[in-house]
Novice: 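The structure that follows is given in the form of structure tokens.
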Amino acid sequence: MKIKALKGFKDIIPGEVELWQYLESTARGVFERFDFNEIRLPILEETQLFARSIGEATDIVEKEMYTFVDKQVTMRPEATASLLRAYIEHGLYVQKPVQRLFTIGPMFRHERPQKGRLRQFHQLDVEVLGSESPRVDSELISMGAMLFDELGIKVSLEINSLGCPACRPGYREILVAYIAERFDALCSDCKRRSKTNPLRVLDCKVPTCREQIKDAPSILEHLCGDCSDHFGKVQDGLIQLGVDYKLNKFMVRGLDYYCKTTFEFITADLGSQAAVAAGGRYDGLIETLGGPKDSPGIGFAMGMERLVLLLQLQNREVTIAQTDLFIAGLGDEGVRVGYGLAHGLRKKGLSVAMDHEGRSLKALMKQANKAAARYTLIIGDSEIASGKGVLRDMHDREAEQQDVDLSAEAILSAMG
Ligand code: ATP
Ligand code: MG
């Protein structure tokens, strides 16, 4: 019986991993330019943390979490809750009035695997904690836009405001009344949601529901003065920074903790897995989780699988880590001498590949080509006898091969 990876869990093997590395290092570069610091967080947390922050009536908490029921712990389905838990636990708000943090890693959700939708997937997650300023919202969004730009990925940005505890309940009532008139025509999920989480009806993907809600009242017309002013300034900031956006009154996001600004970066190239990044403001959440009063926050998460798919669609050339030298040792003694040289050269910082199996020259040269090594050093019986190996430049076929002393120093200087 062959054991395979679980459904929805995927290996990232050489050939693909280079794209992941490229994505990660590009993201780190952009995040650092925006003054963000990395934080690394555990994968397992108390179930309560997610139930309290994400919300009981969300898809994630209702049906997508990997929970060890006997231990009451859950594999994180997203990063924000853990990051805030750490922020509070370590009193990070004392060290700096505004913390700008990012984290990168796997998340776990039990959903139906599809292209761009896995059960273990990866997110780049960024959060700014301790500022209410609308400039922080537009700056954070502009950072996302800059990252997509540098990756060469075309996305569109949609934004909305979800109001706050002062204005959302009023809007919710108006929406509930609107939904009640169309209740019978809604899908069974929406029938349930209309009781537990009526705003979610607005982003239902079922066509009949979409038809029903297409003229639903917009929250943007029911914001309080404070929220409306804030949202206006967020848009001013985006305009100032040259970030294009579209208003989407139906974007409510699946998580309960959002308020005011919400946004998504959307791609047209991945079918129904269209959201490549999503986030928003969550001003009450830190306090709900036991943190200091009045500590606002905003963040977003980018789905790395979807970004990698988009990079693959562009046939992006990936640079595989370069091998400097391939040592072809022939016969027992050739392999033995090459073995020592490889170690000495690696100590001096060279990337060296070799084969220990005593294969034929032809087989070894094939490997050297595959490794795309810059140079190959051949060490056979006659080379051992003369004390000089044969060094070939694999990139410049015209170049004469050289005889070099079998010492790390000599090889290094012959390679230039
Ligand atoms: P979706 O509507 O696609 O289910 P979501 O609203 O559940 O997304 P978030 O919780 O906001 O997603 O997560 C942020 C990003 O993480 C998403 O925009 C997406 O790119 C990515 N993501 C979410 N769930 C998955 C998954 N199961 N597999 C791969 N990527 C995912
Ligand atoms: Mg989802």
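What you see is a predicted model, and the numbers here were worked out from it, not measured in a lab. Counting starts at 1 for both ligands and their atoms, in listed order.
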Novice: Mind jotting down which residue pairs meet the ring-ring contact (aromatic ring centres under 6.0 Å, His included) criterion with at least one end in residues 226-250? Sequence neighbours excluded, please.
Specialist: none
Novice: Can you list every pair that meets ring-ring contact (aromatic ring centres under 6.0 Å, His included) and has a residue in residues 17-37, with sequence neighbours left out?
Specialist: W20-H122, F31-F102
Novice: Is any side-chain N of the basic residue among E46 and R52 closer than 4.0 Å to the acidic one's carboxylate O?
Specialist: no
Novice: Would you mind finding which of I54, L118, I60 brings a heavy atom closest to atom 28 (N) of ligand 1?
Specialist: L118
Novice: As a check for students: among K115, E264, Q123, identify the option with a heavy atom nearest to atom 14 (C) of ligand 1.
Specialist: Q123
Novice: Taking the non-hydrogen atoms of R306, is any one of them nearer than 4.0 angstrom to ligand 1?
Specialist: yes
Novice: Applying a strict 4.0 Å limit to heavy atoms, is E111 in contact with ligand 1?
Specialist: yes
Novice: For ligand 1, indicate whether the residue A274 contacts it via side chain, backbone, both or neither (heavy-atom separation under 4.0 Å).
Specialist: neither
Novice: So do M415 and D324 actually touch side chain to side chain, heavy atoms under 4.5 Å?
Specialist: yes
Novice: Taking only heavy atoms of A278 into account, list the atoms of ligand 1 that are under 4.0 Å away from them.
Specialist: 11 (O)
Novice: Measure from atom 30 (N) of ligand 1 to every heavy atom in F121, Y258, F108 and give the option owning the shortest one.
Specialist: F121
Novice: Would A275 count as being in polar contact with ligand 1, using the rule that some N or O on each side must be under 3.5 angstrom apart?
Specialist: yes
Novice: So between H110, Q273, R117, H122, whose heavy atom ends up nearest atom 3 (O) of ligand 1?
Specialist: R117
Novice: Give the atoms of ligand 1, by number and element, whose distance to some non-hydrogen atom of R109 is under 4.0 Å.
Specialist: 5 (P), 7 (O), 9 (P), 10 (O), 12 (O), 13 (O), 23 (C), 24 (N)
Novice: Side-chain donor-acceptor pair under 3.5 Å between Y178 and Q212, yes or no?
Specialist: no
Novice: With a 3.5 Å distance limit and no angle check, can you tell me whether Q95 reaches the backbone of L92 through a side-chain donor-acceptor pair?
Specialist: no
Novice: Mark up the atoms of ligand 1 that fall under 4.0 Å of a heavy atom belonging to V276, in ascending order.
Specialist: 18 (O), 20 (O)
Novice: What atoms in ligand 1 come closer than 4.0 Å to a heavy atom of A301?
Specialist: 14 (C), 15 (C)
Novice: Do we see a donor-acceptor contact under 3.5 Å between the side chains of T26 and E150?
Specialist: no
Novice: Carefully, step by step, assess K10 and E16 under the rule salt bridge (charged side-chain N to carboxylate O under 4.0 Å, His left out).
Specialist: CA-CA 12 Å; K10 207 173 143 287; E16 189 187 348; 3.2 Å; yes
